[in-house]
Amino acid sequence: MLTFSQIIGQEKAKGFLKKVLARDKTPHAYIFSGIYGIGKTSTAMALSMALNCLSPVNSDACGECRPCRQMKGGNFPDFISLLPDGQNIKIDQIRELNRQLSFAPVAGKYRVCVLHQSEAMTSEAANSFLKTLEEPPSGTIFILKASESLNLLPTIVSRCQRINFQPLPVQEITAWLVKERGLNEETAMILAKTSGGSLGLAIKMSENDFLDKRQKWLLSLINLPAMSGDEAFEMALEYATGKAKSAKNSSDGEETGVLDILGVWQNWYRDLLLVKDDCRTDLLINPDFQYDLKNTSKNYKMTNLIKAMMKIDQAQTDIIRMRNSKIVMEYTVICLRNLALDKIQTTS
Ligand SMILES: [Zn+2]
């Protein structure tokens, strides 16, 4: 779909791959690790294109020749994507892959095979895939996408060239959203900051009213000390039962809406800490809430802000571990309310 030169950021990863391509001796397996939405799949595609291009320029694809056009059109037969079937990549899928790989590439010199969410391989599948890696079919390059390479079998990791992808700078995501999606500068910047450096996530958030939801979630938090215990419980229940849709219901992330809310709240306490400590306002993730942040931070003890962040961190871990999200949210909201009520005593 894209050439290296069209991919945003990731200079180190692209530079490494171009160097490898120039040597004409490519490792047969890679692990592309890093968070969702920062260009791992695009880079895998660019690598496939550069490997098969009939007239590459500076180790990058020309974008014009037949294999390049096929890649761009999504119909290059030697580019294989393997996705989890449900929660896992299963052994049957690896067997089917091995069967496909027993034939030579049909359209180009190299076949590129991308395993999305490779951590989702069952142990049977991983052991079977390990055998494939040990005796790789010629002309086949494997790319294992993973959020953390540590979640893979060490015996698989040791047979792959590891390439780490970094979150993208806020300015680059902001500029892209302004140019390609026509967003205004402020909206683009808030999305870029909230996305944690993931362009993919920022795009999704721009498409699903995320900013409206964020505003609602933040206002609930600001109003928390004024709520009765019952009202706070009700709010926790509403948020826990998934009335808030997720911003990242993608192939790469199974996060629920609750995690989106907790992420926004986590950023809020982080901003409160920064404001309380008189840090630079350009570091704020929620610069449009500067006024509320200043007002709210006055009432908070520093230690309570840190405690609130730790409570949210614990809630995120609990929810990822599939604990009952209703109980987790109720407990968390009540803790956050108590911390908000434990105000600094002013003498005035
Ligand atoms: Zn080409």
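Just so you know, these numbers come straight off a predicted model, no measurement behind them.
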Original post:
Can you list the steps and then say if N223 with S220 is a side-chain hydrogen bond (donor to acceptor under 3.5 Å, both in side chains)?
Top reply: CA-CA 5 Å; N223 292 332; S220 330; over 6 Å; no
Non-hydrogen side-chain atoms of [X] and [Y] separated by less than 4.5 Å:
X    : Y    : answer
L153 : N127 : yes
H28  : C160 : no
F4   : M49  : no
Q314 : D318 : yes
P67  : F76  : yes
F129 : L115 : yes
S128 : N98  : yes
L144 : V157 : no

Rounded to the nearest 0.5 Å, how far apart are [atom1] of [X] and [atom2] of [Y]?
X    : Y    : atom1 : atom2 : value
Q10  : E172 : CD    : CD    : 9.0 Å
L284 : Q290 : CG    : CD    : 6.0 Å
I143 : L82  : CD1   : CG    : 13.0 Å
E180 : I8   : CD    : CD1   : 7.5 Å
L47  : S42  : CG    : OG    : 12.5 Å
L152 : S158 : CG    : OG    : 11.0 Å

Between [X] and [Y] (salt bridge meaning N to carboxylate O under 4.0 Å), is one present in this structure?
X    : Y    : answer
D282 : K193 : no
K18  : E11  : no
R95  : D92  : yes
E64  : R69  : no
R99  : E96  : yes

**OP:** Step by step, work out the side-chain contact (heavy atoms from CB on, under 4.5 Å) result for F79 and V114.
**Re:** CA-CA 8 Å; F79 186 81; V114 182; 3.7 Å; yes
What pair of heavy atoms forms the shortest contact from [X] to [Y], and how long is it?
X    : Y    : result
S55  : C62  : O-CB, 3.4 Å
N324 : K326 : OD1-N, 2.9 Å
T122 : I91  : OG1-N, 4.2 Å
S81  : H116 : OG-NE2, 3.6 Å

Original post:
Could you go step by step and tell me if T174 and E185 meet the side-chain hydrogen bond (donor to acceptor under 3.5 Å, both in side chains) rule?
Top reply: CA-CA 7 Å; T174 306; E185 183 91 22; 5.9 Å; no
**OP:** List the steps, then state whether salt bridge (Lys or Arg N to Asp or Glu O under 4.0 Å) holds for D271 with K276.
**Re:** CA-CA 8 Å; D271 277 359; K276 194 144 189 80; over 6 Å; no
**OP:** Begin from the C-alpha positions of I31 and Q161 and carry the test side-chain contact (heavy atoms from CB on, under 4.5 Å) through to its verdict.
**Re:** CA-CA 6 Å; I31 292 171; Q161 174 67 53; over 6 Å; no
Got a sec: does the [atom1] of [X] have more than 12 other heavy atoms crowding it under 6.0 Å?
X    : atom1 : value
M302 : CE    : yes
N75  : CG    : yes
K12  : NZ    : no
K14  : NZ    : yes
E124 : CD    : no
F165 : CZ    : yes

Count I, L, V, M, F, W, Y as connected when their side-chain heavy atoms are under 4.5 Å apart, and connections chain through other members. Are [X] and [Y] then in the same cluster?
X    : Y    : answer
I306 : L262 : yes
M329 : I334 : no
W217 : L201 : yes

Subject >> Worked verdict on N164 versus S33 for side-chain hydrogen bond (donor to acceptor under 3.5 Å, both in side chains) >> reply: CA-CA 5 Å; N164 204 4; S33 61; 3.2 Å; yes
Original post:
For the side chain of D60 and the backbone of T3, is there at least one donor-acceptor N/O pair under 3.5 Å apart?
Top reply: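 Not at all, since once roles are kept as given, no pair shorter than 3.5 Å links the two residues.
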**OP:** Would you check if the side chain of S48 reaches a backbone N or O of A44 as a donor-acceptor pair within less than 3.5 Å?
**Re:** no
Original post:
By salt bridge (charged side-chain N to carboxylate O under 4.0 Å, His left out), which residues pair with E207, not counting sequence neighbours?
Top reply: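 Salt bridge (charged side-chain N to carboxylate O under 4.0 Å, His left out) check on E207 returns R181.
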Original post:
Step by step, would you call Y36 with K204 a side-chain hydrogen bond (donor to acceptor under 3.5 Å, both in side chains)?
Top reply: CA-CA 12 Å; Y36 161 77; K204 280 200 176 156; 3.0 Å; yes
**OP:** Carefully, step by step, assess Y300 and L273 under the rule side-chain contact (heavy atoms from CB on, under 4.5 Å).
**Re:** CA-CA 9 Å; Y300 268 98; L273 266 179; over 6 Å; no
Original post:
Should F142 and Y30 be marked as a ring pair (Phe, Tyr, Trp, His ring centres under 6.0 Å) after you check the CA-CA gap, both sets of side-chain angles, and the distance that decides it?
Top reply: CA-CA 6 Å; F142 294 100; Y30 295 90; over 10 Å; no
**OP:** Report the C-alpha separation of L51 and I141 in whole Å, then their side-chain angles, then the decisive distance to 0.1 Å, and conclude whether the side-chain contact (heavy atoms from CB on, under 4.5 Å) test is met.
**Re:** CA-CA 10 Å; L51 281 166; I141 311 278; 3.9 Å; yes
